[in-house]
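Structure provided below as structure tokens; questions to follow.
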Amino acid sequence: MLRLAVRVKAQFADSTRALALAFLFYLVVVFGTGVVWAVRGGELALVGAVVTALVLLCIGMLPLITGRQSDAGEKPLWPPLMLLVVPTAVLAVALPSLIVSLFLGARAVELTHDFKLSSSELSKEGEPVTAEAETGRTKARLYITFDATESDPNRPVCAPASTLTVTPLWGTSAKDVRPGEEADFRLGRNQKKIELKVQMSAGDDNCLLALKVAAARMDD
């Protein structure tokens, strides 16, 4: 480590090219990290403030770095070394955070227990049931399965013959599915609120089903 430190000090002391490359490395890492941070949803004002502070730090060190050429005495190592330490520290924090963020972003968003129904009962002649949920993350598609069972065991058996018409309230076409069958819908861009209208079609007007969301997730 001591030998490495001595070699680094020698490079910074004698090579203008090394200082220029370190300066370029500083700017690329700082601005690159800021751009990625903003694209990943970071608050633009906070991103700008952090990037500006780091750039001002770099600018403040320029007189110390450029003045090294005229110094006759021992040249301190810390001014040019900051050009490597700061961006390396930024990368040490940003890269693991980005990897974790990408990993979590690639996973499906579970919504089964987030959906709320306007009613737990669904009949052919009654009002449609609305299912809605909110999420902090967005994905391209919604996959949802409704489970419908006999609300009253003494009534005619109609669950096996029933069809559920699921209509998204954000403009996507409705789909007819059987109870227990998965339906998938394309979500709008940055859509975090999901609302669906569920209606029943059955051969018997006396059908009354107990409705619930058996499974729901968002994925790409």
Side-chain angles (χ1 to χ4, degrees), residues 32-51 93-152 158-202 205 207-220:
T33 304
V35 170
V36 173
W37 187 7
V39 170
R40 298 294 297 176
E43 182 66 33
L44 194 58
L46 180 59
V47 175
V50 173
V51 170
V93 174
L95 280 180
S97 300
L98 179 60
I99 292 172
V100 171
S101 176
L102 291 174
F103 172 74
L104 293 177
R107 299 173 62 185
V109 179
E110 179 63 35
L111 291 177
T112 303
H113 302 294
D114 294 331
F115 268 95
K116 294 181 175 59
L117 300 178
S118 60
S119 174
S120 60
E121 292 188 337
L122 182 64
S123 66
K124 181 179 178 181
E125 301 300 330
E127 291 291 327
V129 173
T130 300
E132 59 180 25
E134 291 192 23
T135 175
R137 293 169 56 190
T138 59
K139 288 286 187 176
R141 301 191 72 86
L142 169 70
Y143 300 87
I144 187 166
T145 303
F146 289 96
D147 189 16
T149 57
E150 304 294 340
S151 180
D152 185 353
C158 55
S162 300
T163 300
L164 305 179
T165 300
V166 185
T167 306
L169 299 185
W170 59 87
T172 306
S173 300
K175 292 190 176 181
D176 293 330
V177 294
R178 303 294 296 275
E181 182 180 346
E182 184 178 77
D184 67 284
F185 302 95
R186 181 172 294 280
L187 295 170
R189 183 178 177 85
N190 297 325
Q191 183 171 343
K192 296 183 179 180
K193 185 174 182 179
I194 303 170
E195 292 182 279
L196 302 161
K197 183 176 67 176
V198 185
Q199 292 177 294
M200 179 178 66
S201 298
D205 293 341
C207 281
L208 183 63
L209 299 180
L211 185 70
K212 71 174 183 178
V213 176
R217 72 186 191 280
M218 294 192 306
D219 208 344
D220 295 323

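Remember, it's a predicted structure, so these values are computed and weren't measured experimentally. Sequence positions, counted from 1, serve as the residue numbers for this chain.
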Checklist line | Heavy-atom check, side chain of M218 versus side chain of L187, under 4.5 Å | finding: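 Counting from C-beta outward, M218 and L187 do come under 4.5 Å.
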Item checked: Under the side-chain contact (heavy atoms from CB on, under 4.5 Å) test, residues paired with A174 that sit two or more places apart -> T165, T167
Margin query: Determine whether V198 and T130 satisfy the following criterion, side chain to side chain contact (heavy atoms under 4.5 Å, CB included), listing intermediate values before the conclusion.
Written below: CA-CA 6 Å; V198 185; T130 300; over 6 Å; no
Next item on the list: With sequence neighbours excluded, tell me which residues meet side-chain contact (heavy atoms from CB on, under 4.5 Å) with T138.
Entry: N190, K192
Check: Above 12 or not: heavy atoms from other molecules or residues under 6.0 Å from NZ of K212?
Finding: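 Open.
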Item checked: Min side-chain heavy-atom separation V129-S119 under 4.5 Å ->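 Yes, at least one pair of side-chain atoms sits under 4.5 Å.
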Notebook entry, point to check: Nearest 0.5 Å, what's the OG-CG distance between S201 and D176?
Noted result: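 Rounded to the nearest 0.5 Å, the OG-CG separation comes out at 6.5 Å.
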Next item on the list: Could I get the full list of side-chain contact (heavy atoms from CB on, under 4.5 Å) partners for P168, not counting sequence neighbours?
Entry: W170, T172, F185, L196
Next item on the list: Report the distance from atom CZ of R137 to atom NZ of K139, rounding to the nearest 0.5 Å.
Entry: 5.5 Å
Checklist line | Approximate separation, where rounding is to 0.5 Å, of S123 OG and L209 CG | finding: 8.5 Å
Note to self: Using every non-hydrogen atom in the two residues, find where L117 and A131 come nearest and quote the distance to one decimal.
What the structure shows: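 Closest approach of L117 to A131, heavy atoms only: CD2-CB, 3.4 Å.
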Check: Who are the side-chain contact (heavy atoms from CB on, under 4.5 Å) partners of E182, not counting sequence neighbours?
Finding: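 side-chain contact (heavy atoms from CB on, under 4.5 Å) check on E182 returns Y143, T145, R217.
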Next item on the list: Could you tell me whether the side chain of D147 reaches within less than 4.5 Å of the side chain of L211, counting heavy atoms only?
Entry: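 Side-chain contact under 4.5 Å: no.
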Next item on the list: Write down the atom of P128, the atom of S118, and the distance for their closest heavy-atom approach.
Entry: O-OG, 4.3 Å
Checklist line | 4.5 Å side-chain heavy-atom contact, V177 and F146 | finding: no
Margin query: Please determine whether the number of non-hydrogen atoms from other residues, nucleotides or ligands lying under 6.0 Å from atom CD of E127 exceeds 12.
Written below: no
Notebook entry, point to check: Who pairs with D219 by side-chain hydrogen bond (donor to acceptor under 3.5 Å, both in side chains), at least two apart in sequence or on another chain?
Noted result: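 Partners of D219 by the side-chain hydrogen bond (donor to acceptor under 3.5 Å, both in side chains) criterion come out as none, since no residue qualifies.
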Notebook entry, point to check: Which residues pass the side-chain hydrogen bond (donor to acceptor under 3.5 Å, both in side chains) test with T112, sequence neighbours left out?
Noted result: E110
Next item on the list: State the CD-CD distance between Q191 and E134, to the nearest 0.5 angstrom.
Entry: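 So the gap between those two atoms works out to 11.0 Å.
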Item checked: Within-4.5 Å side-chain heavy-atom neighbours: L111 and I194 ->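 Yes, side chains in contact.
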Margin query: Can you list everything that forms a side-chain hydrogen bond (donor to acceptor under 3.5 Å, both in side chains) with E181? Sequence neighbours excluded, please.
Written below: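 Result, side-chain hydrogen bond (donor to acceptor under 3.5 Å, both in side chains) vs E181: none returned.
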Next item on the list: Can you sort out the partners of R141 under side-chain hydrogen bond (donor to acceptor under 3.5 Å, both in side chains), two or more places apart, ordered by chain and number?
Entry: D184
Notebook entry, point to check: Any side-chain heavy atom of T163 within less than 4.5 Å of one from M200?
Noted result: no
